[in-house]
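The structure under discussion appears below in the form of structure tokens.
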Amino acid sequence: MKKAYSKEKLLDVVPLSESTINRLEKKGEFPKRFYITDGRCAWNADEVERWLDERQANSPEIFGGKKPPVEKRKYRAVRSAA
């Protein structure tokens, strides 16, 4: 390992929220953190980069996830700014 990411740097590199990273890590779907001291953790930069490369390689051409149903969207009247 030549480089490690702090939590702040990890959040800059990986475009996910902290809670999503924690959830994926708990499920074993994200690289595990390690502790440098009792109060400081880090992630192996090589493992994180490899994880991102795998996600990109396995990314579908077209979005296949759930989209919110547009027909159920609620519309509200907009007040004037005056």
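Start at 1 with the first residue, then count along the sequence. When reading the values below, keep in mind they use all heavy atoms of this one structure, side chains included, and skip hydrogens, waters and symmetry mates.
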### Task
Compare every heavy atom of Glu49 with every heavy atom of Val13, then report the nearest pair and how far apart it is.
CG1-OE2, 3.9 Å
### Query
Do the side chains of Lys27 and Asn22 get nearer than 4.5 Å, heavy atoms only?
no
### Query
Can you tell me how far the OG atom of Ser17 sits from the CZ atom of Arg23, to the nearest 0.5 Å?
7.5 Å
### Message
Let me confirm one number: the NZ-CZ distance from Lys7 to Arg40, rounded to the nearest 0.5 Å.
### Response
9.5 Å
#### Entry: Exceeds 12 heavy-atom contacts within 6.0 angstrom, atom CD of Gln56
no
### Query
Any idea which heavy atoms bring Ala42 and Ile36 closest together, and the distance?
CB-CD1, 3.7 Å
### Query
With sequence neighbours excluded, what pairs up with Lys3 under the salt bridge (charged side-chain N to carboxylate O under 4.0 Å, His left out) test?
none
### Task
May I ask you to decide if Asp46's main-chain N or O and Trp51's side chain share a donor-acceptor pair within less than 3.5 Å?
no
### Query
Got a sec: does the OH of Tyr35 have more than 12 other heavy atoms crowding it under 6.0 Å?
no
### Query
Hey, is CD on Glu71 packed in by over 12 heavy atoms from elsewhere, all under 6.0 Å?
yes
### Query
What are the two closest non-hydrogen atoms of Tyr5 and Leu10, and how far apart are they?
CB-N, 4.1 Å
### Task
Starting at CD of Glu8, measure out to CG of Leu11 and round the result to the nearest 0.5 Å.
7.5 Å
### Task
Give the minimum heavy-atom separation between Trp43 and Glu25, together with the two atoms involved.
NE1-OE2, 3.8 Å
### Task
Could you state whether Ile21 and Phe34 fall into the same hydrophobic cluster, counting links through intermediate Ile, Leu, Val, Met, Phe, Trp or Tyr residues with side-chain heavy atoms under 4.5 angstrom apart?
no
